[in-house]
Amino acid sequence: MTVTIVGAQLGDEGKGGVVDLYGDRVDVVARYQGGDNAGHTVVHGGEEYKLSLVPSGAVRGKIGVLGNGCVVNPATLFEEIDALRERGLEPDVRVAERAHVILPYHRVLDGIEEEAKSDSNQKVGTTGRGIGPTYEDKAGRRGIRVGDLLDPDVLRERLEYVVPQKRALAEDVFGVKTGEEFDIASLYEQYRRFGERLAEEGMPVNAGDFLTDAMADGRTVMVEGAQGTTIDIDHGNYPYVTSSNPTAGGAATGTGLSPGVIGDGEVIGIVKAYLTRVGSGPLPTELGGVAGDTPGYDEQGEGENEELAEYIREEGGEYGTVTGRPRRVGWLDVPMLRHATRVSGFTGLAINHIDVLAGLESVNVGHAYELDGETIETTPTTTERWADCEPVLREFDGWPETDWEAVANEGYDAIPANARAYLEYVSDELGVPIYAVGVGPGREQTVVVESPFE
Ligand code: GDP
Ligand code: IMO
Ligand code: MG
C-alpha cells in the first residue's frame with residue numbers, strides 16, 4: 001500500500017514534516033513532480049533540514065526516489081546531498097532516467113520571462129529555478145532527460161539541437177545578451193560530468209520498475225508531493241501556478257506506479273490552519289498584503305488587516321523556504337479545500353500550525369464565496385472570477401497559548417476545545433477524518449490521531 005502526501009493549498013503546508021512523521025513505517029519515499037522550487041522542512045533532534053530535491057525520508061535514512069515527473073537540477077541535487085552528508089546523514093537517492101533535467105539556460109529564461117511579464121503586471125513570482133521553462137521543453141519534446149546525461153553522444157546531439165533555439169529566444173525575442181549558460185561546449189562538459197557522477201553513485205533507475213519491485217518485495221512506499229493544489233497547472237489558478245501536477249493524479253504519472261496502486265492506498269491532504277502564498281495571484285481571504293506579490297497592492301496598499309497578517313507571519317515564521325520572501329497570509333479558505341479534496345480524493349487530513357493561531361481572540365475561516373450576489377462553495381475555474389470572489393467568513397472563538405509539547409504527548413483530547421471545534425468543522429466540511437494535527441515544527445510536536453499504516 002502507498003501513502004501519498006499532497007499539499008491541499010498553495011504549498012508550504014508542512015508536507016515535509018508529515019513525510020518525516022509517518023516515515024518510520026516506510027522504506028522508500030518518492031517525489032513525483034516539481035524540482036528545487038520545493039522547500040520541505042524537517043525538524044528533529046534540535047536540527048532543521050530544508051530539503052529541495054532530496055525526498056524528506058532522508059532524515060530517517062530512507063531511500064529517496066525522484067520520479068519521472070520531477071525536473072532535476074543536478075547541480076543543486078549534488079550540493080544538497082553533499083551538505084546532508086556533511087551533517088552526518090547518508091542520503092540514498094535514486095533518480096528516474098525519464099526525469100527531465102534543468103539546465104542553466106532554463107533558469108535564465110525563467111528570469112527573462114518574469115521580467116517581461118512584470119511590465120504588464122502578469123508576473124507569477126516564480127522561484128526562479130527554471131521550473132516552467134524545463135517543463136515547456138519536456139512538453140515541446142526538446143528536453144534533456146537524466147538518461148541522456150549517461151550517454152555523451154546523445155547529450156551532445158540534444159544540446160546541439162536545443163541550445164541555438166534557446167539562444168535565439170533569449171536574444172532575438174527578448175533582446176537579452178546570452179552568456180555561458182547558452183554555450184554548448186561548456187554545457188556538454190558540465191552535464192556529461194554530472195552524468196558520470198550519477199552513474200558512479202548508482203543513482204539512475206527506471207522509477208516505475210524500482211518502486212513496483214520494492215513493493216513486491218514487501219517494502220512500503222510513500223509518495224511525497226511538492227507545491228500544492230491551488231498552484232497545480234491543471235487544477236490551480238492558472239496562470240499563477242507551477243508547471244506540474246501536485247494533485248494526486250500526478251503521483252501516478254510522475255512515478256510510474258499505476259493509478260490503481262495510488263488509489264488503493266491512502267492520500268493524505270496536508271492543510272495549514274490558515275493560508276499562505278508566495279508569489280502573485282488572487283487570494284480572497286488575504287489579510288494585509290505583500291508589495292510586489294499581492295495584486296493591486298500598488299493602488300490599494302497593504303489593507304486593513306496588515307497588523308494581523310504581520311502577527312501570523314512572525315508567529316509562523318512565514319518566509320519562503322527557498323527564496324526568503326515574506327509569504328502572503330490569509331484565513332483558511334474552505335472552498336479551496338473542498339476543491340482539493342475532490343481532485344485528490346483525500347482519505348485523511350493532517351492539519352498543521354494550530355499553535356500559530358493560539359492567543360487570537362477569534363479565528364475566521366472563509367466558509368464560502370459571494371460572487372455576483374450568489375453564494376458558492378467551491379472555487380471558480382477562471383482566475384479572474386476567483387479574484388472577484390468575496391469570502392463569506394465564519395468566526396470561531398480563539399484558543400489560548402498552550403504547552404503544545406504536553407498536548408502532543410497526551411493526544412487529541414488535550415487540544416484546547418475551541419481548536420478542536422475548528423478542526424472538526426474542517427473535517428466535517430470535507431468529509432475526511434483527521435489523521436494528525438501539527439502543534440509545532442518538530443517531529444514530536446504533532447498529535448497523531450491515526451496512522452495510515454494501521
Ligand atoms: P512544505 O513545503 O509543505 O514541506 O512546508 P515548508 O517546510 O515550506 O513550510 C512549513 C514550515 O512550517 C516549516 O518551517 C515547518 O518546520 C513549519 N511547521 C510545520 N508544521 C508546523 C506546525 O504544526 N506548527 C508550526 N508552528 N510550524 C510548523
Ligand atoms: P513546496 O513544495 C510554495 C510558487 C512560486 C510561484 C509559483 C510558480 O515547498 O510547498 P515555480 O518556480 O514553481 O515556477 O513558481 O509557484 N511555488 C511554491 N510556493 N511552496 C512551494 O513548494 C512552491 N513551489 C513553487 O512562489 O508563485
Ligand atoms: Mg515549502
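For ligands, and for the atoms within them, numbers begin at 1 and follow the listed sequence.
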Query raised in the report: Would you say the ring centroid of Phe194 lies under 6.0 angstrom from that of Tyr191?
Result: yes

Report task. Report yes or no: does a heavy atom of Gly39 sit under 4.0 Å from some atom of ligand 1? Result -> yes

Query raised in the report: Can you pull the salt bridge (charged side-chain N to carboxylate O under 4.0 Å, His left out) pairs that have at least one residue in residues 38-52, sequence neighbours excluded?
Result: Glu47-Arg87, Glu48-Lys50

Requested in this report: Enumerate the residue pairs fulfilling salt bridge (charged side-chain N to carboxylate O under 4.0 Å, His left out) with a member in residues 100-119, sequence neighbours excluded, ordered by first and then second residue.
Outcome: Asp36-Arg107

Query raised in the report: Taking only protein atoms, how many N, O or S atoms are found under 2.8 Å from the Mg ion (ligand 3)?
Result: 2

**Report entry** Over 12 foreign heavy atoms within 6.0 Å of OH, Tyr238
**Finding:** no

Query raised in the report: Parallel, tilted or perpendicular: which describes the rings of Tyr274 and His353, with under 30° parallel and over 60° perpendicular?
Result: perpendicular

Requested in this report: Please determine if Glu13 has a nitrogen or oxygen closer than 3.5 Å to a nitrogen or oxygen of ligand 1.
Outcome: yes

Query raised in the report: With a 3.5 Å cut-off and no angle check, do the side chains of Tyr240 and Gln122 form a donor-acceptor pair?
Result: no

Query - Side chain proximity check, Val101 to Val71, heavy atoms < 4.5 angstrom - result: no

**Report entry** Heavy-atom side-chain contact between Leu349 and Tyr435 under 4.5 Å
**Finding:** no

Query raised in the report: Do Gly438 and ligand 1 have an N or O pair less than 3.5 Å apart?
Result: yes

Query raised in the report: Once the angle between the rings of Phe396 and Tyr422 is folded into 0 to 90°, is it parallel (under 30°), tilted (30 to 60°) or perpendicular (over 60°)?
Result: perpendicular

Report summary line: Quick note on ligand 2: atoms under 4.0 Å from a heavy atom of Gly279 include exactly 27 (O)

Query raised in the report: Where on Ile270 is there a heavy atom closer than 4.0 Å to ligand 1, on the side chain, on the backbone, on both, or on neither?
Result: neither

Requested in this report: Under 4.0 Å, heavy atoms only, figure out whether ligand 2 is touched by the backbone of Ile231, its side chain, both or neither.
Outcome: side chain

Query raised in the report: Taking distance alone, with no angle check, do Thr127 and ligand 2 share an N/O pair under 3.5 Å?
Result: yes

Query raised in the report: Would you call Gly440 a ligand 1 contact, heavy-atom distance under 4.0 Å?
Result: yes

Query raised in the report: Which residue supplies the protein heavy atom nearest to atom 13 (O) of ligand 2, what is that atom called, and how far is it?
Result: Thr242 OG1, 2.6 Å

Report task. Please determine, by modelled atom types, if Thr134 and His106 share a side-chain donor-acceptor pair under 3.5 angstrom. Result -> yes

**Report entry** Pairs touching residues 227-237 that satisfy side-chain hydrogen bond (donor to acceptor under 3.5 Å, both in side chains), sequence neighbours left out
**Finding:** Gln33-Gln227, Asn37-Gln227, Asp232-Asn245, Asp232-Thr247, Asp234-Asn245, Asn237-Arg277

Report task. Measure from atom 20 (N) of ligand 1 to every heavy atom in Arg327, Gln445, His353 and give the option owning the shortest one. Result -> His353

Query raised in the report: Does ligand 2 have any atom that is closer than 4.0 Å to a heavy atom of Ser243?
Result: no

Query raised in the report: Backbone, side chain, both or neither: what part of Asp110 comes under 4.0 angstrom of ligand 2, heavy atoms only?
Result: neither

Query raised in the report: With a 4.0 Å heavy-atom cut-off (strictly under), which part of Val356 contacts ligand 1: side chain, backbone, both or neither?
Result: side chain

Query raised in the report: For Gly11, is at least one N or O under 3.5 Å away from an N or O on ligand 1?
Result: no

Query raised in the report: So, is Ser280 polar-close to ligand 2, with some N/O to N/O distance under 3.5 Å?
Result: no

Requested in this report: Among all protein heavy atoms, pick out the one at the shortest distance from atom 6 (C) of ligand 2; state its residue, atom name and that distance to 0.1 Å.
Outcome: Gly125 O, 3.1 Å

Query raised in the report: So which bit of Asp12 gets within less than 4.0 Å of ligand 1, heavy atoms only: side chain, backbone, both or neither?
Result: both

Query raised in the report: Looking only at N/O atoms, are Thr41 and ligand 1 under 3.5 Å apart anywhere?
Result: yes

Requested in this report: Examine distances only and state if a side-chain atom of Arg31 and a backbone atom of Gly35 form a donor-acceptor pair shorter than 3.5 Å.
Outcome: yes

Query raised in the report: Does ligand 2 have an atom under 4.0 Å from some heavy atom of Arg325?
Result: yes

Requested in this report: Say whether Asp333 and Tyr369, considering side chains only, have a donor N or O and an acceptor N or O under 3.5 Å apart.
Outcome: yes

Report task. Measure Arg129 to ligand 2 on non-hydrogen atoms and call it side chain, backbone, both or neither using the 4.0 Å cut-off. Result -> neither

**Report entry** Whether Gly7 lies under 4.0 Å from ligand 2, heavy atom
**Finding:** no

Query raised in the report: Nearest to atom 24 (N) of ligand 1, what protein heavy atom do you find, and at what distance?
Result: Asp355 OD1, 2.8 Å

Query raised in the report: Under 3.5 Å between some N or O of ligand 2 and some N or O of Gly39?
Result: yes

Report task. Please say whether Val278 places an N or O atom under 3.5 Å from an N or O atom belonging to ligand 2. Result -> yes

Query raised in the report: Any side-chain heavy atom of Arg85 sitting closer than 4.5 Å to one from Pro91?
Result: yes

Report task. Give yes if a backbone or side-chain nitrogen or oxygen of Asn37 is under 3.5 Å from a nitrogen or oxygen of ligand 2, and no if not. Result -> yes

Query raised in the report: Any N or O on Val43 sitting closer than 3.5 Å to an N or O of ligand 1?
Result: no

Query - Proximity to ligand 2 by part of Lys15, non-hydrogen separation under 4.0 Å - result: side chain

Query raised in the report: Are Thr276 and ligand 2 in contact, using a heavy-atom cut-off of under 4.0 Å?
Result: no

